[in-house]
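Got a structure for you, questions after.
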Amino acid sequence: MTELASVGPQHQGPLPLLLLHGFPLDASMWDDVVEVLGLQGVPTLAVDSPGFGQSEVPDGEPSLDLAADAVVATLEELGIDRVVVAGLSMGGYIALALAERYPERVAGIALLDTKATADTDAARANRLRIAQEALGEAGADAVAPMLTALLGATTLAEDPEVVEELRGRLAAAPPAGIAWGQRAMAGRPDRLAVLEHLTVPGLVLRGEEDEISTAADAEAMLTALRAGGGSAELAVVPAAGHMTANEDPVETATALADFWERCTAPSGATD
Ligand code: MLT
């Protein structure tokens, strides 16, 4: 977990920003964003999801509900009641589980390069195959083919540093975390209705070249958020794919900082 400003024992200051990473990465995928975030004095927490970074694979059936419970356990340890949560891809799925299970903890939700729908049968079967491969001889090689899908065409063609960094991260992904994460994502339900019941501000952000989370996925989340009556905005990051936080950390950080301001503005001061 990255902790940038002191919190606890019972946090009273500015609303913290909680960052949830994508699969099969860890909290450090947010480092470049955090560096340029510019939210002075705002506690910014990036937590490792179960099986990644410093976080152990939990006992029991893999489930993103458990991942959301683990986030809340961390918030409790830090004395934090409410957060503005931002989740990228798998982190977005966990943010949705958090919003469903602990709506009182969520002061705003930013959904980056993600979707609120469940997997198709084919996608679920593919996840279970990758989980099995990861636990076998392939290990982290099971996720190596994700590289070209995760990055946008522009990054792949023009930014070898980002490409190589992500290649290295995929190669270093822990096999047990890969398997746990794929099985947990395979079992996630459709959570569009969760967004329809939220009344807090929302941000839907996607890389223009993202082919994993599509424009239609983003539109569905926006529509659901607006149905709930909260203000919801769309941000599209040009020349980026699924990994906006790594492909364009400045644009992503700017959108998150603006969103945090929107979540914490006195009622009626924005929109
Ligand atoms: C991610 O970036 O977290 C993954 O692409 C999520 C997924 O496999 O659905």
Side-chain angles (χ1 to χ4, degrees), residues 18-30 32-33 46-53 55 62-64 67-68 71 85-98 110-134 140 142-152 155-156 162-163 165-175 177-192 204-207 209-218 220-221 237 240-249 252:
L18 171 70
L19 303 171
L20 302 176
H21 64 84
F23 172 90
L25 309 174
D26 60 40
S28 67
M29 71 144 259
W30 291 107
D32 293 346
V33 166
V47 299
D48 289 324
S49 298
F52 297 101
S55 168
S63 148
L64 296 178
V71 166
V85 60
L88 186 144
S89 196
M90 180 182 74
Y93 307 155
I94 298 171
L96 288 163
L98 184 74
L111 297 159
L112 286 68
D113 308 293
T114 193
K115 59 186 78 154
T117 47
D119 279 347
T120 60
D121 287 347
R124 201 172 294 122
N126 191 44
R127 288 192 193 284
L128 300 180
R129 176 186 61 77
I130 293 171
Q132 200 156 2
E133 278 179 23
V143 290
M146 287 178 73
L147 182 71
T148 50
L150 289 173
L151 296 172
T155 303
L156 285 167
V162 171
V163 176
E165 193 194 325
L166 186 59
R167 194 193 305 281
R169 285 178 179 273
L170 293 178
I178 293 173
W180 196 91
Q182 286 289 29
R183 288 171 176 158
M185 288 191 284
R188 75 187 195 283
D190 184 313
R191 286 197 160 108
L192 275 170
V204 175
L205 179 147
R206 69 179 295 270
E209 299 173 1
D210 185 357
E211 291 181 1
I212 299 177
S213 306
T214 64
D217 293 324
M221 293 189 293
V237 180
H242 193 62
M243 300 307 299
T244 45
N246 305 101
E247 294 176 69
D248 195 338
T252 304

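Start at 1 and go down the list; that is how both ligands and their atoms are numbered.
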*Report the nearest protein non-hydrogen atom to atom 5 (O) of ligand 1: residue, atom name, distance rounded to 0.1 Å.*
H242 NE2, 3.2 Å
*Of Q132, E133, R127, which meets side chain to side chain contact (heavy atoms under 4.5 Å, CB included) against R129?*
E133
*Return the residue, atom name and 0.1 Å-rounded distance of the protein heavy atom closest to atom 6 (C) of ligand 1.*
S89 OG, 2.9 Å
*Taking both backbone and side-chain atoms of L150, is any N or O found less than 3.5 Å from an N or O belonging to ligand 1?*
no
*A245 and W30: which non-hydrogen atoms are nearest, and at how many Å?*
CB-CZ3, 3.8 Å
*Do any nitrogen or oxygen atoms of F23 lie less than 3.5 angstrom from nitrogen or oxygen atoms of ligand 1?*
yes
*For R127 and ligand 1, answer yes if some heavy atom of the residue is under 4.0 Å from a ligand atom, otherwise no.*
yes
*Has the side chain of T244 got a donor or acceptor atom that lies under 3.5 Å from a matching backbone atom of T252?*
no
*Which ligand 1 atoms does Y93 reach within 4.0 Å, using its non-hydrogen atoms?*
6 (C), 7 (C), 9 (O)
*Of the backbone atoms (N, CA, C, O) and the side-chain heavy atoms from C-beta on, which set of M243 has a member under 4.0 Å from an atom of ligand 1: side chain, backbone, both, or neither?*
neither
*Mind running side chain to side chain contact (heavy atoms under 4.5 Å, CB included) on L205 and D113 for me, showing each step along the way?*
CA-CA 6 Å; L205 179 147; D113 308 293; 4.2 Å; yes
*Run the side chain to side chain contact (heavy atoms under 4.5 Å, CB included) check on L19 and L88 step by step: do they pass?*
CA-CA 8 Å; L19 303 171; L88 186 144; over 6 Å; no
_Using a 4.0 Å cutoff against the non-hydrogen atoms of G22, which atoms of ligand 1 qualify?_
3 (O)
*Has the side chain of H21 got a donor or acceptor atom that lies under 3.5 Å from a matching backbone atom of S49?*
yes
